[in-house]
Amino acid sequence: MSSNEYLPGEIEAHWQERWEKEQVFKAPRLAPENSFYCLEMFPYPSGRIHMGHVRNYTIGDVIARYHGMNGRAVLHPMGWDAFGLPAENAAIERGIHPAKWTRQNIDYMRSQMKRMGFSYDWSREFATSDPSYYRWEQLFFIRMLEKGLAYRSRSYVNWCSQCQTVLANEQVEGGVCWRCSTPVIQKELEQWFFRITAYAEELLQGCDQLRGWPERVLTMQKNWIGKSVGAEVGFPLVNRSDALRIFTTRPDTLYGVTFMSIAPEHPIVKDLAQKDSRIADFVKRSQSKDRQARIETQTSKEGIFSGLYAINPLTQEKVPVYIATFVLMEYGTGAIMAVPTHDQRDFEFARQHRLPLRVVIQPQGESFREETMQTAYEGEGILANSGPFTGIASEEAKKKIVEYLESKGWGQKKVQYRLRDWGISRQRYWGSPIPIIYCDTCGMVPVPEKDLPVALPTDVAFTGKGESPLASHPNFISATCPRCGKKGRRETDTMDTFVESSWYFARYACPDYNKGPLDPDSVHSWLPVDQYIGGIEHAVLHLLYARFFTKVLRDLGYIRLDEPFQNLLTQGMVIKDGAKMSKSKGNIVDPDDMISRFGADTVRVFCLFAAPPEKDLDWSDQGVQGASRFLQRVWRLVIDQESLWKEVGPVPVKDLSSQGIEIYRKAHQTIQKVTDDVGRRYHFNTALAAIMELVNALYLFASAASISDPDKRLFRWSLEVLSKLLAPLAPHIAEELWARLGHKKFIVHSGWLEVDPSAVVEEMQTLAVQVNGKVRARIQVPVGFSEERVREIALGEEKVVQSIQGMRIEKVVLVPGRLLNIVVRR
RNA sequence: GCCGCGGUGGCGGAAUUGGCAGACGCGUCGGACUCAAAAUCCGAAGCCCCUCGUGGGUGUGAGGGUUCGACUCCCUCCCGCGGCACCA
């Protein structure tokens, strides 16, 4: 490497090879004391990396390299979220086996990542489609089954007719499939579930411990869990022995109940539909609607009288029971008490079906009347028409009424969550098989541990029609019952791919461990992840599942950890021409193309400089040019000025010229700024801006007419500082310049920089002099000047004299190092 | 509808704890180098006004407030983005 031209292609290949050969980024098996685990969300191997990946992984790489230079042992792994639908679609469309397609994609994407110079410990790489990975997931499944955390149940589930599979609630976005945007319909199926609801409270409480997570992600998770506190109350049904159980958050409005509403899917409705064809028709009609249609008819409150009456336990009043489409079976008990005066939905329903109203809450200073109410009053107030509770404030009445209900055995306090159990069955081939055998005699039997993994068969036909290829694979289906030895039938559903990504971060600590899923020593030494980086789109999907799974693994005894990710950074999207990059928009920028034209360092610098990580990044070809220009400028600063940095030796601070002192100070200020921006704030754009300022200052310094020997030593030192500051951000050029400056050790191993606090402070400073908040002058004063002295100088300024002429000084405010404000009045 | 985030030059963005708004970069303009162009280096620039100066005013979505002082805090409103959306 001896060219004086900046040739990123050559430099980058050279250093990537050396890093790999000398295993620079290999993490030790056990983490030492001050270790750092830096993880980026691993990709689905779709074929090629896109700019979103480049940005995500560049951010992670800067953080990992920074901590490495600070002497910490860093775990920075990469792998592949390799199961999923696209592989199967490729098989159907192009006749290539999912395993082969996936392997090819992985190989190519790995090569792309290597060309970006990411500091991964590739020895820890794995794909979740490896049997050596998913076998442990099957073991977890069996353990969860034993603990009742996995169960099978027949219920209404989200079904995508395009993907021909079930979707979890988290995978339905606005009523459509998150992958293909097909409207999702409700289908009653036998499915496997993970009991995430058992952890609802802990997942919610945990949000408050996650200090290193962005507030908006926590808010989204809290909303998703959706805790509400209220009461469950039984309303006895007239002429029946059972009672209608309802959940309400407003027990204080119990005296205002004028009817009841139940979901069309409510178990009671099945009986009724058999006897009454009008009800049967209504139920059929409402169920044929997909979610989208139900939402669109929001304003219309459809319903039908069930013929049943319920008795309000508090008043002994008989109220009619309606079947209403807006009542959801999945939430609460699938039945509600209706208080039209104090719930807008009930109000609308009552109006449409001409049902009576009764006001039971009167806010201070108002008195609602049933005949004149145009909308429900949902706020607090004083109870009215509420028997012995009349006159009590609503908040207090809630407590009192619940206590009363409990004393009578009519109901009790109840906490309800919006979160529902995680449906994990997928009717697809390319996923981890669920290790269960069905036997006519023994029923559902888990596959014995010694028979794991239940491997995916490879000889499979992909027709794209009907059910999963596994369901029509005779050899796969046929199995012997582990309990009785008779012929059984294997489960053909596979697990949701979000199961794999719920624990991969732990496996990175011990990817080759084969005595169990996780090597306790290495897992406990490395975890939790110190810094996790990925897109905001996983705020409630992956990030909630991973938290849940961590708690499950803890309770199964595999891990001693409550939360997997200590700090979370959610990076924004990469945008071009005002839209997310996508094939359909035709605004895709290909990373390969950019790397070959400008080099990886330029691509990295652009991604880091154009915006702070959380914000969307606007791709700009001119911006890339700018990044490239900057690196060229850095290159020339070193290469073209060799005569100025041949002097080796410590910087003789006392003998520096005045410009030299300025440079020395500027360099230390830059170290301080970059250390804070990269190490703490993760604001790489301002770190780069500071480095650019230093480069600009060094250019001016180098062009000075004559430079003394002390100043030459300073210049050399400054270039070393510059290389190090740049090393996490643009590692190849930094490594190359470092070597050209004569260093034999990798820059990665040469330590970070210390700030000399005394070098940072300036002797003189500029203060703005304001009169009534308007800047009128700027003065140079020595640091630490007293207020009187500063004031004296300020009042001597001609501009200041002019603007306070004929005024009386009321007050003077000095903000040290910043400004002096003179407040005057006529 | 509810919750959250945001709105700063021609553009991307900076201002970290209430203290000089516009750092840094892009683009633009001017100069140097060149036969010329590109590249490079140096410099100018928020906007408006005028008597063209070492001048004045104004300015962070709009309006109001608190403060000696507000991009920053409070209230009302407008716009954009994201999440949730009949959750009882």
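This one's a predicted model, so the numbers in the text were calculated from it and none came from an experiment. First the proteins, then the strands, lettered A, B, ... as listed; each starts at 1.
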Peer 1: Polar atoms only, N or O, under 3.5 Å: list the protein pairs with nucleotides 25-34 of chain B and their distances.
Peer 2:
residue	atom	partner	partner atom	Å
B:G25	OP1	A:Asn696	ND2	3.2
B:C26	OP1	A:Arg629	NH1	2.7
B:G27	OP2	A:Arg629	NH1	3.3

Peer 1: Would A:Lys301 and A:Phe326 count as a cation-pi pair here, with the cationic atom under 6.0 angstrom from the ring centre and within 45° of the axis?
Peer 2: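 Judged by the rule (NZ or CZ under 6.0 Å from the ring centre, within 45° of its axis), A:Lys301 counts as positioned above A:Phe326.
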Peer 1: Which dot-bracket string describes RNA chain B (Watson-Crick N1-N3 plus N6-O4 or O6-N4, or G-U N1-O2 and O6-N3, all under 3.5 Å; [ ] crossing; | other strand)?
Peer 2: (((((((..(((......[....))).(((((.......))))).(((((..).))))..(((((..]....))))))))))))....
Peer 1: Which is true for A:Ser228 with a 4.0 Å heavy-atom rule: it touches a base, it touches only sugar-phosphate, or it touches nothing?
Peer 2: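 Counting heavy atoms under 4.0 Å across all strands, the contact made by A:Ser228 is with sugar-phosphate only.
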Peer 1: Using the six-membered ring wherever Trp is involved, compare the ring planes of A:Tyr377 and A:His342 and label them parallel, tilted or perpendicular (cut-offs 30° and 60°).
Peer 2: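 Perpendicular, since the angle between the ring planes exceeds 60°.
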Peer 1: Please confirm whether any donor atom in the side chain of A:Arg680 sits under 3.5 Å from an acceptor in the base of B:U16, or the reverse.
Peer 2: yes
Peer 1: If I take atom CZ in residue A:Arg245 and atom P in nucleotide B:A88, what distance separates them, rounded to the nearest angstrom?
Peer 2: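 Rounded to the whole Å, the gap is 18 Å.
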Peer 1: Please list, pair by pair, any protein nitrogen or oxygen found under 3.5 Å from a nitrogen or oxygen in nucleotides 64-72 of chain B.
Peer 2:
residue	atom	partner	partner atom	Å
B:C68	O2'	A:Asn821	ND2	3.3
B:C68	O2	A:Asn821	ND2	2.8

Peer 1: Tabulated below should be each protein N or O lying under 3.5 Å from an N or O of nucleotides 1-11 of chain B; please produce it.
Peer 2:
none

Peer 1: Please report the distance separating the C1' of B:C71 from the corresponding atom of B:G18, rounded so that it comes out in whole Å.
Peer 2: 11 Å
Peer 1: Just the rounded figure in Å: distance from C1' of B:A88 to CD of A:Glu330.
Peer 2: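 A:Glu330 atom CD is separated from B:A88 atom C1' by 13 Å.
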Peer 1: Which protein N or O atoms sit under 3.5 Å from an N or O of nucleotides 53-61 of chain B?
Peer 2:
none

Peer 1: Do NZ/NE/NH1/NH2 and the carboxylate oxygens of A:Lys398 and A:Glu395 come within less than 4.0 Å?
Peer 2: yes
Peer 1: Among pairs that include at least one residue of residues 626-638 of chain A, which meet side chain to side chain donor-acceptor pair (under 3.5 Å), considering only residues two or more places apart or in two chains?
Peer 2: A:Arg633-A:Asn696
